[in-house]
Each structure stands twice: as structure tokens, then as C-alpha cells.
Amino acid sequence: MIAIVDYGSGNLGSLKKAFDYLGADSKIISSPKEISGADKIVLPGVGSFGYMMEQLRKKKIDCAIKGGILSRKPFLGICLGMQGLFEESEESAGAKGLGIFTGKIVKFKRGKVPQIGWNKVKPKPESILQEGYFYFVNSYYAVPQNPEIVEATTDYFGDFASAVRFENITGVQFHPEKSGKAGLSFLKRWIEC
């Protein structure tokens, strides 16, 4: 079963429909115990970094997520859920992320902010992602300390990390559930890997 983490905000319905369409067993849950019992974990995120991290800690979901990652369960962070994998964000001074990856989240300095709409994702050759256009809504992006975890980049007034991956952990800045065939294809490959 895929746990879709509900911390009180996020595009949960569309993501659940995408998994249903793909025939995957998924459930929207907010209980740390249920998250710990899942086979795979997805953290979708909408809103602010500080609010998300506050809610994850308040509900003790952060420990369930970290425990799942450490036990090598496949994990997918989407948009803000990807940003939460890092240590901190310029969006919320003093708020600490999950700290799974070293690095921080920074605000776009150029262009229209937030970036809203379709943009091209350029993955590594061996990636589970395929090159294509995906749907983004983001004002901030990840700057990993270790460039080797960058799975894909996207150009928005300069290249930024639009996906990260290390072992069982995947994070994408775009919304696969809103990215049509390309998004469904990515979710299908993530489910199967």
C-alpha cells in the first residue's frame, strides 16, 4: 500500500486519482502508525515550508517518514514534499526540514515568481524520469550540497534541480498528478521500481 501523507494541506485528491487510474493501492493517511505500516510513502506538499514542517512535527509524522526512509521504503516527495527533504528554506527562517539531504531551498531571483506552468525536465540518462514537459508551481527550488543526487534539471532563468534521487528516495519539484501522460508515466515507473 502507498501512503499518501496528509498533514493538513496538499493536492491529495488529484494524486489519489492518479494512483487509482494506474491501479495502485493507495490511501490518504495522517496517522504515524499507518504511515509506518505502508509499503511506500508519498509526501505531497502545497503551501509554505514552515507550516508543513510544523504540522509534520506536531502530528509526529516526521518520525514516521524518517523511519520509513531509513528502513529503505520507496519514498516520493512532490513539490514542497521534495523541499522538506532538505535542511532549511529561505521561505521560513528558522524552520528545520527533515534533513535527509544536505542543502537548502532558495527563492528564484529572476523571472515571474512563482513559476507557474509547463516546463521541460531534463533527466540523467539512467533516470526513471523521461525527458518531457511537466507542470510546476514553485517560487523556491532546492540547492543540494551533493550534486550527485540531482536526478533532473529544468531551466527557469538558469538550470535548477527539478528532481533528486538517492537509493530509495525520490523528490520532484513538479506535480506529476497534474502533468498529463508524462506525469502518469513517471508515477507508473516509480511504483514499479
Side-chain angles (χ1 to χ4, degrees), residues 2-5 9-24 26 28 40-49 52 74-86 89 91 97 100-101 103-144 147-193:
I2 300 169
I4 302 172
V5 177
S9 182
N11 189 30
L12 307 175
S14 296
L15 188 56
K16 176 76 170 87
K17 284 180 185 175
F19 282 127
D20 289 349
Y21 177 82
L22 294 168
S26 67
I28 297 170
K40 299 178 185 233
I41 302 168
V42 179
L43 177 62
V46 174
S48 77
F49 184 92
M52 178 181 75
F75 173 88
L76 174 61
I78 297 174
C79 195
L80 192 59
M82 169 184 151
Q83 294 181 10
L85 291 167
F86 290 86
S89 173
E91 183 178 20
I100 303 297
F101 294 137
K104 62 181 180 177
I105 309 302
V106 300
K107 189 171 185 176
F108 285 118
K109 303 296 188 278
R110 295 167 36 196
K112 186 176 178 185
V113 178
Q115 170 196 201
I116 300 176
W118 297 83
N119 205 339
K120 190 173 187 178
V121 171
K122 299 169 283 186
K124 288 179 177 177
E126 68 279 8
S127 177
I128 64 166
L129 265 163
Q130 290 178 334
E131 186 171 301
Y133 286 86
F134 293 80
Y135 189 79
F136 289 82
V137 181
N138 63 309
S139 300
Y140 297 82
Y141 62 95
V143 181
E148 291 181 16
I149 69 167
V150 177
E151 183 78 352
T153 59
T154 295
D155 181 10
Y156 191 68
F157 294 87
D159 282 349
F160 70 93
S162 53
V164 293
R165 186 168 169 84
F166 180 75
E167 295 180 349
N168 57 309
I169 310 161
T170 304
V172 294
Q173 185 59 64
F174 54 83
H175 288 272
E177 75 283 5
K178 294 184 176 183
S179 297
K181 288 181 182 179
L184 288 171
S185 177
F186 161 69
L187 288 175
K188 186 174 188 294
R189 287 193 302 280
W190 179 77
I191 291 165
E192 292 171 350
C193 71

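- Across all their heavy atoms, Leu129 and Ser127 have their closest contact at N-OG, 2.8 Å.
- Residues passing the salt bridge (Lys or Arg N to Asp or Glu O under 4.0 Å) test with Lys181: none are found, sequence neighbours excluded.
- Here the closest heavy-atom approach between residue Met82 and residue Val164 is recorded as CE-CG1, 4.0 Å.
- Interatomic distance, OG of Ser89 versus CG of Leu80, reported as 8.0 Å (0.5 Å rounding).
- Every pair passing salt bridge (charged side-chain N to carboxylate O under 4.0 Å, His left out) that includes a residue from residues 151-175 is listed here, sequence neighbours excluded: Arg72-Glu167, Lys122-Asp159.
- Between the side chain of Lys124 and the backbone N or O of Val150 there is at least one donor-acceptor pair closer than 3.5 Å.
- When all heavy atoms of Leu85 and Gly171 are compared, the pair lying nearest together is CD1-CA, 4.5 Å.
- Between Cys79 and His175, the shortest heavy-atom contact is SG-NE2, 3.5 Å.
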**Residues Val121, Phe186; criterion side chain to side chain contact (heavy atoms under 4.5 Å, CB included); working and verdict** = CA-CA 12 Å; Val121 171; Phe186 161 69; over 6 Å; no
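- A pairwise comparison of heavy atoms in Leu12 and Val5 identifies CD2-O, 3.6 Å as the closest pair.
- With rounding to the nearest 0.5 Å, the separation of CG in Leu15 from CD1 in Ile78 is 4.5 Å.
- Residues forming a side-chain contact (heavy atoms from CB on, under 4.5 Å) with Lys16 (at least two apart in sequence, or on another chain): Ile4, Asp20, Ser26, Ile28.
- Proximity of Trp190 to Leu22: side-chain heavy atoms (C-beta onward) are nowhere separated by under 4.5 Å.
- Residues meeting the side-chain contact (heavy atoms from CB on, under 4.5 Å) test with Phe166, sequence neighbours left out: Phe101, Ile149.
- More than 12 non-hydrogen atoms from other residues, nucleotides or ligands lie less than 6.0 angstrom from CZ of Phe157.
- Taken from OH in Tyr140 to CD in Gln115, the straight-line distance is 14.5 Å, to the nearest 0.5 Å.
- Partners of Lys188 by salt bridge (Lys or Arg N to Asp or Glu O under 4.0 Å), not counting sequence neighbours, listed by chain and number: Glu192.
- Atom OH of Tyr156 is surrounded by more than 12 heavy atoms from other residues, nucleotides or ligands within 6.0 Å.
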**Message:** Assess the residue pair Phe75 and Val42 against the criterion (side chain to side chain contact (heavy atoms under 4.5 Å, CB included)); give the C-alpha distance rounded to whole Å, side-chain angles, the decisive distance to 0.1 Å, and a yes or no.
**Reply:** CA-CA 6 Å; Phe75 173 88; Val42 179; over 6 Å; no
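- Checked against salt bridge (Lys or Arg N to Asp or Glu O under 4.0 Å), Lys120 has the following partners two or more places apart in sequence or in another chain: Glu131.
- The ring pair (Phe, Tyr, Trp, His ring centres under 6.0 Å) test applied to Tyr141 returns Phe108, Phe160, not counting sequence neighbours.
- Residues satisfying the side chain to side chain donor-acceptor pair (under 3.5 Å) test with Ser179, not counting sequence neighbours, are none.
- Residue Leu76 forms a side chain to side chain contact (heavy atoms under 4.5 Å, CB included) with just one option from Leu43, Ile41, Leu187, and that option is Leu187.
- Considering only residues two or more places apart in sequence or on other chains, Asn168 meets the side chain to side chain donor-acceptor pair (under 3.5 Å) condition with none of them.
- In terms of heavy atoms, Gly180 sits closest to Trp118 at N-CH2, 4.1 Å.
- Residues forming a side chain to side chain donor-acceptor pair (under 3.5 Å) with Gln83 (at least two apart in sequence, or on another chain): Gln173.
- Side-chain atoms of Lys178 never come within 3.5 Å of backbone atoms of Pro176 as a donor-acceptor pair (strictly under, hydrogens ignored).
- Contact check for Phe174 versus Thr154: no side-chain heavy atoms found under the 4.5 Å cut-off.
- Residues satisfying the side-chain contact (heavy atoms from CB on, under 4.5 Å) test with Ala182, not counting sequence neighbours, are Phe134.
- Around CD of Glu148, the count of heavy atoms belonging to other residues, nucleotides or ligands within 6.0 Å does not exceed 12.
- Listed by chain and residue number, Gln130, Arg189 satisfy the side-chain contact (heavy atoms from CB on, under 4.5 Å) test with Ser185 (two or more places apart in sequence, or in another chain).
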